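Everything quoted here is computed from the prediction, not taken from an experiment.
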Amino acid sequence: MIILTKIKSINWQAIRENKLYRRFASLKTSVILLGILIGFYIVGTIFPQGGQIDDYIKAGGRFTPFVIFFNLLNIFTAPGFLLIALLLFINLFICTVERFLLLLNQRANRADGLEFIPAYTFPLDINRQLEDAHGSIKEIFIKDLGFKAYPYHEETALIDGSARIVEKGWSYKWLTWGYHLAILFCFFGFLLTYLFSFEDEIILYPGEAAAIKPATISRWNKSWGHQPQELDFKLQLDEFITEYNQFPVLDYPNDKLSRLAMAMGWNEPKYFVKNESYFPKDWKSRLKVIEGNKTVLEKTIEVNDPLYYHGTTFYQAAYKQNLKIQVDDNPILLETDTDNELMIPGIEGMFRFGTIKTGTLFKKDGSQEKIKSFVDATLVKKDSAGKTETEKIGKLEQDGSLIVDNKKIILKEVKEASILSYRSDPGVPILWWAGVMALLAMSLRVFGAWYRIIYRIEEREDTPYLSFTIKTKGLMADEEKLIRRLKHLLENMTEPIDLDTPV
Amino acid sequence: MPNLEAILSRDAYLLSVEIKLFWFVALLYGTCLILHLIHLITRKPGPGRLGTNMLWGAVIMHAGLILLRTFEGQRAPFQTLYESLSWFAWSASATYLYVGRKWKDIYLSGILVSALSMGACLYALLARSPAVEPLSPPLQSYWFEWHVVLAFLSYAVFVVSCSIEIVYLMIKPSLKKGFNTEYGLHINNLEIFHKQSFRLALFGFPLLTFGIFSGAAWANDAWGRYWGWDPKETWSLITWTMFAMYLHSMSIPKWKELPASVFNILGFICMLMTFIGVNWLARLLGIPSLHLYAM
Ligand code: HEM
């Protein structure tokens, strides 16, 4: 209550007349602020965002002192950028409030901005009383053309009291106001993201229920000195599934002349299937959410179809592949993953393995095939001068073997783990709804059609005339068509006005 | 079950037809450009009229080409840059013809439109692979087609808006002095002509907004983050902001003339950066981007 009285006692009028406030209520300010933001954005595309300064220096970056001083590698969290964004927010907020008051006010002072300067005048070519003409014209606007009488037209009673206002379509002013308001809500969404979101990654091996302990924490919690908290549920991967499409390779020249020759029909493009024509079709993880000892949710996720649970979303981000190799008859298997190189005693150089192909292959002819897991092996050697050379060894199939330096290398086992990224971001729902509202209102405003007609029926030399002016908004508004229809309707007016009556 | 060889040779045959047709369409756009340039130099309406008629032919044929590609890939043809360039060229020219259908003997803005359509086709043909690719997992989203189709439609609309703006800026001073009246524009119809450029930008803005919104919603599903300040995302935001500046300037009496026109043209340049320039900039500066089209 006290706060309310305090708010009421503030001299709002004085604030609204303040010069600085006026500046923030101005459209010019928005254009200038938007322009400054563009400057920040461009800088943000020139310097790699989120990069490390050491990498920048190593890559030959020349503006190091600048980059450090202005925090150019994280420009979108730098104070300068946040300040301009804040100013734009204030600008938009004030504009939205002012516009709201204006729109309300316009209802109170209905005549505001509605002066009547007729643009068209049609004779109502008939011998009738003015009173009758009023009724019929109103009927044409309301019934035939779908207009609504402007709610306050009786009082609006423009100028000499005889003009009438009719409108059709959604009020463009409220729509414009509506999407500005929605954009304002987007700013709240961004703020929530900025303050409260956090994210991390987790690697899940099939069969184990893993605790989820993020290494990061939201800015808000960090500023209060909190530590990251383990989530109150576990996640278990039941199965990781990979699927591939057979992807025929196109034999097509790269140089421009040969391409031109192809246009002339001197050569034809060809598709062919090679051994390695595998194109990723899908990665899926069959997941269980476990609370205590109970499974509370099961879902198979894939890219574009994440799992939501208790405010956290889990995404299929990537996968990790391990393989076990047997060398000759040695019972001790060597284990590695495809991201790392493997040294095999007795063989010079390091082994590098490509992506293991495993799972299902969807073939071009519509059939499916279980892939016999395989991996391409290469050997990386350094010569005496320190230069690296890579040598393709070949395709190593599950339980198959390759001979290198007289050693037999057997692929004994492949294992895949799913890498999920997860994120908690309370800004997303607000942004989703605000975005939809903004788009909806903007589309109705831009693509829709809104008309306002102010008209008057007046008598000149015993003939009633319809004079009117039209204002339209929206790309679908078609003034010419409306006038054609109106003319047509006026010409075919029946009771109480009868065109056949001789003048 | 059809055999693999038969499928592959059918696909190769369709592709060879497509490539020839595509070259022919590019050639048509090129001829339109030349005719428009002849119109510019000779100041006679004849070549302009012929160029416009030929552009109709190109657009109709190009529509057939896009349908053929849809049939080949059994999906909406908006996945690779090769495909997007084709859609961009078509939609820019189609928008131009639609907007200009009531203009009488005004052809100047066709220069930029036919040049860009030709350029986009040649770039696709000479520098991009025409292979029909399967959809990679991140692209398998219901956002994908709408995101691309509407964002590119907004680009096409901005091209036409910009070409009108440029013609307006170039010809206005001389028309005021009574020169250059042979191009079908005169002081009485100049403003009506120019108004189209605002209407087009207005039309494009919600489409671009949808493009950004759908992109963010999609990224949120695919990558777990609705916005990552990736160069492509940032440039789309720059374009959007520039057009917001343009539209707002049109409501500021003192700025609705030259400043607004400049913002409109800058918006077009930003759009080109978003579309093509990002690939180039990212490679030039070595900035990694999730959005880069595969070569
Ligand atoms: C993020 C920023 C903004 C965006 C994307 C945006 C978008 C737009 C668009 C697209 C229009 C043109 C549509 C039309 O003609 O109705 C518009 C008009 C307008 N905007 Fe904004 N706006 C933004 C911020 C602002 C701010 C901060 C103000 C306050 C000064 C403002 C005030 C206006 C006004 C007064 C109009 C003219 C409305 C009319 O014609 O009745 N906008 N805005």
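- Taking B:Met273, B:Lys254, B:Met245 one by one and counting their heavy-atom pairs under 4.5 Å with chain A, the maximum is reached by B:Met245.
- Counting heavy-atom pairs closer than 4.5 Å to chain A, the top residue among B:Pro138, B:Gly228, B:Ala219 is B:Pro138.
- A:Tyr271 touches chain B through backbone and side chain together, each having a heavy atom under 4.5 Å away.
- For A:Glu243 and A:Lys284, the salt-bridge test passes: some basic side-chain N is under 4.0 Å from an acidic carboxylate O.
- With no hydrogens or angles considered, no side-chain donor-acceptor pair links A:Tyr278 and A:Thr355 at under 3.5 Å.
- For A:Asn245, the part sitting under 4.5 Å from any heavy atom of chain B is the side chain, from C-beta outward, and nothing else.
- Using a 4.5 Å cut-off between heavy atoms, A:Pro248 touches chain B through its side chain atoms alone.
- Proximity to chain A (any heavy atom under 4.5 Å) is restricted, for B:Leu125, to the backbone atoms N, CA, C and O.
- Counted by atom type alone, B:Thr274 and B:Thr239 present one or more donor-acceptor pairs between their side chains at under 3.5 Å.
- Between the side chains of A:Thr216 and A:Asp200, not a single donor N or O lies within less than 3.5 Å of an accepting N or O.
- Within the 4.5 angstrom heavy-atom criterion, only side-chain atoms of A:Glu199, from C-beta onward, approach chain B.
- No close placement of the B:Trp235 and A:Tyr41 rings is indicated, their centers lying 6.0 Å or farther apart.
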Exercise for the section: Determine, step by step, whether B:Phe275 and B:Leu85 satisfy the side chain to side chain contact (heavy atoms under 4.5 Å, CB included) criterion, reporting the C-alpha distance in whole Å, the side-chain angles of both residues, the deciding distance to 0.1 Å, and the verdict. Expected result: CA-CA 9 Å; B:Phe275 182 9; B:Leu85 283 162; 3.6 Å; yes
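- Environment of OH in B:Tyr13: sparse, with no more than 12 heavy atoms of neighbouring residues, nucleotides or ligands closer than 6.0 Å.
- Of the listed residues (B:Trp23, B:Trp229, B:Phe213), the one with the most heavy-atom contacts under 4.5 Å to chain A is B:Trp229.
- The contact between A:Leu439 and chain B is made entirely by side chain atoms (from C-beta outward), counting heavy-atom distances below 4.5 Å.
- The residues B:Glu233 and B:Arg225 are annotated as not salt-bridged, no charged nitrogen and carboxylate oxygen being separated by less than 4.0 angstrom.
- Aromatic ring orientation, B:Phe210 versus B:Trp143: tilted (interplanar angle from 30° to 60°).
- At a 4.5 Å heavy-atom cutoff, the contact between B:Tyr226 and chain A is made by side-chain atoms alone.
- Of the listed residues (B:Ala131, B:Pro259, B:Gly224), the greatest number of heavy-atom pairs within a distance under 4.5 Å of chain A belongs to B:Gly224.
- For A:Ser421, the part lying near chain B is the side chain, with the backbone staying farther off; criterion is any non-hydrogen pair under 4.5 Å.
- Chain A forms more heavy-atom pairs under 4.5 Å with one residue of B:Ala222, B:Pro134, B:Ala12, B:Pro130 than with any other, namely B:Pro134.
- Considering only heavy-atom pairs separated by less than 4.5 Å from chain A, the leading option among B:Ser249, B:Cys270, B:Pro206, B:Ser136 is B:Pro206.
- With a 4.5 angstrom heavy-atom cutoff, B:Trp255 touches chain A only via side-chain atoms.
- For chain B, the nearby parts of A:Val436 are the backbone and the side chain; heavy atoms of each come within less than 4.5 Å.
- Looking at B:Ile19, the atoms closer than 4.5 Å to chain A (heavy atoms on both sides) all sit in the side chain, from C-beta outward.
- Here the side chains of A:Met437 and A:Ile183 are not in contact, with every heavy-atom distance at 4.5 Å or above.
- Contacts of B:Leu126 with chain A are made by both backbone and side-chain atoms, with heavy-atom separations under 4.5 Å.
- Looking at A:Ala317, there are no atoms closer than 4.5 Å to chain B (heavy atoms on both sides), in backbone or side chain.
- Note: B:Tyr246 and B:Phe158 fail the aromatic proximity criterion, with ring centroids not under 6.0 Å apart.
- For chain B, no part of A:Tyr422 is nearby; none of its heavy atoms comes within less than 4.5 Å.
- Side chains of B:Asn264 and B:Ser161: a donor-acceptor N/O pair is present below 3.5 angstrom, by distance only.
- At a 4.5 Å heavy-atom cutoff, the contact between A:Lys256 and chain B is made by backbone and side-chain atoms alike.
- Contact of B:Leu135 with chain A is made through the backbone alone, with heavy-atom distances under 4.5 Å.
- B:Gln196 is listed as a side-chain neighbour of B:Arg199, based on a closest heavy-atom distance under 4.5 Å.
- Between B:His248 and A:His180, the ring-plane angle classifies as tilted under the 30° and 60° cut-offs.
- A:Asn267 does not touch chain B: none of its heavy atoms, backbone or side chain, sits under 4.5 Å away.
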